[in-house]
Q: 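One structure coming up, written as structure tokens, with questions to follow.
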Amino acid sequence: MFPPLAALVDRQLDDLRTAVAALLPHLESAEAARIAEAFVALCHGYSQQLAVRTDVDPTPFTAALMAIIGS
């Protein structure tokens, strides 16, 4: 069992992964779920970098994310 804050964050991340997977209706659900897992993890890591760095260029990051989701 998660502590209350961890449980809340876990639910939020699950909701986010579910929402991202829903944006990939052309994929099988297992593949969409795998992509959503990576997508959410990368976005969270990027947001942490934005919080502490001033030199992060969004252009290559955005291109990489679009490649992940196949756009």
Side-chain angles (χ1 to χ4, degrees):
M1 179 119 177
F2 291 119
L5 180 58
L8 175 66
V9 172
D10 187 55
R11 273 194 312 277
Q12 290 173 336
L13 290 172
D14 186 52
D15 289 346
L16 186 53
R17 288 188 296 267
T18 299
V20 170
L23 296 172
L24 305 168
H26 59 286
L27 299 176
E28 292 184 26
S29 62
E31 181 66 11
R34 283 191 292 272
I35 290 171
E37 180 78 32
F39 190 87
V40 169
L42 289 171
C43 287
H44 273 62
Y46 183 70
S47 67
Q48 289 175 348
Q49 288 186 52
L50 286 176
V52 298
R53 293 176 54 190
T54 60
D55 63 340
V56 178
D57 180 3
T59 304
F61 181 78
T62 302
L65 288 178
M66 296 307 285
I68 288 171
I69 62 170
S71 294

Q: Give me the one residue out of L8, L16, D10 that meets side-chain contact (heavy atoms from CB on, under 4.5 Å) with Q12.
A: L8
Q: To the nearest 0.5 Å, how far apart are CZ in F39 and CE in M66?
A: 8.0 Å
Q: For a quick test of reading the model, state the closest non-hydrogen atom pair linking L42 to F61 and the distance between them.
A: O-CZ, 3.6 Å
Q: So which heavy atom on A36 is nearest to which on A21, and how close?
A: CB-N, 3.8 Å
Q: In plain terms, say whether R34 and E31 are close enough for a salt bridge, that is, a side-chain N and a carboxylate O under 4.0 Å apart.
A: yes
Q: Is there a path of hydrophobic side-chain contacts, each under 4.5 Å between heavy atoms of I/L/V/M/F/W/Y residues, joining L24 to L13?
A: yes
Q: Can you tell me how far apart CD (Q49) and OG1 (T54) are? Round to the nearest 0.5 Å.
A: 12.0 Å
Q: CG of L27 to CD1 of I35: how many Å apart, nearest 0.5 Å?
A: 5.0 Å
Q: Of the options T18, D15, V20, D14, which is the one that meets V40 in a side-chain contact (heavy atoms from CB on, under 4.5 Å)?
A: V20
